[in-house]
Amino acid sequence: MSQERTEACAKSMSGGAACAARAIERRRAQGSRVFSAEKLLLARMMESLGNPPLDLVLWDGQEIASTAKPPLARVLVRDRGALLKLIANPELGFGEMYTADRIEVEGDLVDCLEAIYRAWPRTDHGQIGKRLLAPFNGSLRNTQPRARRNIQHHYDIGNDFYKLWLDRDMVYTCAYFPDPAMSLEEAQWAKLDYVCRKLRLAPGETVLEAGCGWGALALHMAKHYGATVKAYNISKEQIAYARERARAEGLDGTVQFIEDDYRNVSGEFDTFVSVGMLEHVGTDQYQALGAVIDRSLKDDGRGLIHSIGRDRPSPMTPWIERNIFPGACPPSLSQMMQVFEPFGFSVLDMENLRLHYAKTLEHWLKRYENSIERVGQMFDPAFVRAWRLYLAGSLAAFRSGDMQLFQVIFTRSGQNRIPWTRHYLYAS
């Protein structure tokens, strides 16, 4: 009797295990199946993006095919979670899932992203919520502690990383290509000199630079134009690098690199210059920046602000703001005017160097890809993919016109010592 019970129990346990195994298989099959509702939501998402010429391939092999033949690229979605994040918030979800290697692009990544930017409706991007929240864009105030944290997040990740793909002078802003065939080194030197010519810099003049990067412009102004420069920056690594370079070149007597916030500037100067900092200031701080310029410029002073921008006010792409540039907000021209208008500054000239930035990013992305093995030794795979996406997405944005690059020259109102023509900009 005991043996019969044992055999019955064994059969019951065996059957239960088989039943449990079949249940697991059913759940797996259900988990791998793409439901019609998901395909419908995905198709509607693509429609809201303007139906870019891309094929979407899901984890079970099903495709949402583009009407364009052949499509520019194929976007592979590896799992349901990645699909749901993409549908819920394409701008954020694509970046997060690409970085996590749960979305892949078959084809040229830049072409894929440019196709999306060009197809996406330009007027409102189809998001009512974004329009409703537009007045609060930049509402997280860039206080001095927050600004320092934001800058350190991006710039203090190691000079050795940036040396892999920037030019030899470590210029991390838009280059200037009078000849598109120029090397990156030549074009960055040309940009530094172009800024000096726009400022009509003369020997013996004093310059205030806000946000000096690794110091290339300040050193160029001192070395080639005989200027005395005070340069402010809150990135520890950049300031340390710039000071060492100034000592090595014998310019530490004429260029002073100060690790401090632009709001703490003191002194009076002939010229003000800021290249690539306004994007980090925050629109709520534009009048504070204007007040700094107003108290720092002499009566006949003039200045230049160089900044990434947009055609109209709009927040930074959420994935970039969260992962690459926290606190950043590229302004429209109307927003930039809040630096100048309250203090009676006159804008003398404005130039858009958008295609120059696209060319700059072509060089950066190529150098980054050529250094990808070294980057992988420095950081984890998610970082490698995130920075590839950031550089490729930036290149696509400047090619498509989604982003701009503004250089604005200004002076105090009523000054008549200004050029009659633009000849001075282009004379060698």
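Just so you know, these numbers use all the heavy atoms, side chains as well, and skip hydrogens, waters and symmetry mates. Just so it is clear, the structure is predicted and the values come from calculations on it, not from any experiment.
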Legend entry - Salt bridge flag under 4.0 Å for residues Arg388 and Glu369: yes
Legend entry - Pairing residues for Lys366 by the salt bridge (Lys or Arg N to Asp or Glu O under 4.0 Å) criterion, not counting sequence neighbours: none
Inset, instruction - For Ala231 and Cys212, work out which heavy atoms get closest and say how close. - result: CB-CB, 3.6 Å
Inset, instruction - Would you indicate whether the side-chain heavy atoms of Tyr232 and Glu209 approach each other to under 4.5 Å? - result: no
Legend entry - Salt bridge present between Asp402 and Arg118 (N-O < 4.0 angstrom): no
Legend entry - With Met277, the side-chain contact (heavy atoms from CB on, under 4.5 Å) member among Thr173, Leu289, Asn233: Leu289
Inset, instruction - Walk me through it: do Glu185 and Arg367 pass the test salt bridge (Lys or Arg N to Asp or Glu O under 4.0 Å)? - result: CA-CA 13 Å; Glu185 276 70 21; Arg367 291 178 178 213; 2.9 Å; yes
Legend entry - Carboxylate-amine/guanidinium contact Asp300 Arg417, below 4.0 Å: yes
Legend entry - Beyond-backbone contact of Val57 with Glu106, side-chain heavy atoms, under 4.5 angstrom: no
Legend entry - 4.5 Å side-chain heavy-atom contact, Gln238 and Glu259: no
Inset, instruction - For the pair Tyr162 and Trp387, name the ring-plane relationship: parallel under 30°, tilted 30 to 60°, perpendicular over 60°. - result: perpendicular
Legend entry - Side-chain touch Gln404/Arg310, heavy atoms, less than 4.5 angstrom: no
Inset, instruction - Assess whether salt bridge (Lys or Arg N to Asp or Glu O under 4.0 Å) is satisfied between Asp169 and Arg245, documenting all intermediate values. - result: CA-CA 10 Å; Asp169 286 330; Arg245 185 177 167 192; 3.1 Å; yes
Legend entry - Between Tyr357 and His306, ring centroids under 6.0 Å: no
Inset, instruction - Apply ring pair (Phe, Tyr, Trp, His ring centres under 6.0 Å) to Phe410 and list each qualifying residue two or more places apart in sequence or on a separate chain. - result: Phe340, Phe345
Inset, instruction - Can you see which heavy atom on Ala382 is nearest to which on Thr99, and at what distance? - result: O-CG2, 3.2 Å
Legend entry - Ring-ring centroid check Tyr390 Trp319, cutoff 6.0 Å: no
Legend entry - Side-chain heavy atoms of Asp101 within contact of Pro381, under 4.5 Å: no
Inset, instruction - Verify ring pair (Phe, Tyr, Trp, His ring centres under 6.0 Å) between Phe325 and His280, making sure each step is shown before the conclusion. - result: CA-CA 8 Å; Phe325 272 126; His280 303 291; 5.1 Å; yes
Inset, instruction - With rounding to the nearest 0.5 Å, note down the distance linking CD in Gln338 to CG in Asp284. - result: 12.0 Å
Legend entry - salt bridge (Lys or Arg N to Asp or Glu O under 4.0 Å) partners for Asp294, two or more places apart: Arg412
Legend entry - Parallel, tilted or perpendicular, as decided by the 30° and 60° cut-offs, for the rings of Tyr194 and Tyr176: parallel
Inset, instruction - Identify the heavy atoms of Val105 and Phe94 that sit nearest to each other, and give their distance. - result: CG2-CZ, 4.0 Å
Legend entry - Full working for salt bridge (Lys or Arg N to Asp or Glu O under 4.0 Å) between Glu351 and Lys198: CA-CA 11 Å; Glu351 185 172 13; Lys198 283 191 170 186; 2.8 Å; yes
Inset, instruction - Apply side-chain contact (heavy atoms from CB on, under 4.5 Å) to the pair Val195 and Leu304, showing each step before the final yes or no. - result: CA-CA 8 Å; Val195 168; Leu304 178 147; 4.3 Å; yes
Inset, instruction - For Leu355 and Lys359, run side-chain contact (heavy atoms from CB on, under 4.5 Å): C-alpha distance rounded to whole Å, both residues' side-chain angles, the deciding distance at 0.1 Å, then the answer. - result: CA-CA 6 Å; Leu355 294 180; Lys359 177 62 71 174; over 6 Å; no
Inset, instruction - Take atom NZ of Lys85 as the centre, draw a 6.0 Å sphere, and report whether it contains more than 12 heavy atoms from other residues, nucleotides or ligands. - result: no
Inset, instruction - Examine the side chains of Trp214 and Asn159 and answer whether a donor and an acceptor come within less than 3.5 Å of each other. - result: yes
Legend entry - Qualifying residue, where the test is side-chain contact (heavy atoms from CB on, under 4.5 Å) with Met221 and the options are Val207, Leu251, Val255: Val207
Legend entry - Pairing residues for Glu205 by the salt bridge (Lys or Arg N to Asp or Glu O under 4.0 Å) criterion, not counting sequence neighbours: Arg302
Legend entry - Spacing of Leu56 atom CG and Gln62 atom CD [to the nearest 0.5 Å]: 12.5 Å
Inset, instruction - Under the ring pair (Phe, Tyr, Trp, His ring centres under 6.0 Å) rule, what do Phe161 and Phe379 come out as? Steps first, then yes or no, please. - result: CA-CA 10 Å; Phe161 168 66; Phe379 303 100; 5.5 Å; yes
Legend entry - Pairs satisfying salt bridge (charged side-chain N to carboxylate O under 4.0 Å, His left out), at least one member in residues 38-47, at least two apart: Glu38-Arg80
Legend entry - Pro71 vs Leu54 side-chain heavy atoms within contact, under 4.5 Å: no
Inset, instruction - Would you check if Met45 and Pro90 make a side-chain contact, meaning some heavy-atom pair closer than 4.5 Å? - result: yes
Legend entry - Straight-line distance of Asn370 CG to Leu164 CG, nearest 0.5 Å: 11.0 Å
Inset, instruction - Can you sort out the partners of Arg422 under salt bridge (Lys or Arg N to Asp or Glu O under 4.0 Å), two or more places apart, ordered by chain and number? - result: Asp349
Inset, instruction - Tell me, yes or no, whether the heavy-atom count around Asp299 atom CG, taken from other residues, nucleotides or ligands under 6.0 Å, exceeds 12. - result: no
Inset, instruction - Could you go through the salt bridge (Lys or Arg N to Asp or Glu O under 4.0 Å) check for Arg74 and Glu63 one step at a time? - result: CA-CA 9 Å; Arg74 301 170 82 231; Glu63 292 191 19; 2.9 Å; yes
Legend entry - Nearest-0.5 Å distance that lies between atom CZ in Arg197 and atom OH in Tyr426: 9.0 Å
Legend entry - Note: Glu96-Arg102 ion pair, threshold 4.0 Å (strictly below): no
Inset, instruction - Measure the CD-CD1 distance between Glu279 and Ile308 for me, rounded to the nearest 0.5 Å. - result: 4.5 Å
Legend entry - Heavy-atom neighbours of Gln377 CD exceed 12 at 6.0 Å: yes
Legend entry - 4.5 Å side-chain heavy-atom contact, Leu208 and Val273: no
Inset, instruction - Go through the steps to decide whether Ile372 and Trp165 satisfy the test side-chain contact (heavy atoms from CB on, under 4.5 Å), and finish with yes or no. - result: CA-CA 10 Å; Ile372 208 74; Trp165 49 277; over 6 Å; no
Legend entry - Lys/Arg-Asp/Glu bridge criterion (N-O < 4.0 Å) met for Asp261, Arg263: yes
Inset, instruction - Using distance alone, with no hydrogens and no angle criterion, decide if Asp55 and Ser66 have a side-chain donor and acceptor under 3.5 Å apart. - result: no
Inset, instruction - Calculate, to the nearest 0.5 Å, the distance between atoms NE2 and SG belonging to His224 and Cys196 respectively. - result: 8.5 Å
Inset, instruction - Test side-chain contact (heavy atoms from CB on, under 4.5 Å) on Thr360 and Phe177 and set out the steps. - result: CA-CA 9 Å; Thr360 304; Phe177 291 85; 3.5 Å; yes
Inset, instruction - Fit a plane to each ring of Tyr225 and His220, take the angle between them on a 0 to 90° scale, and name the class: parallel (under 30°), tilted (30 to 60°) or perpendicular (over 60°). - result: tilted
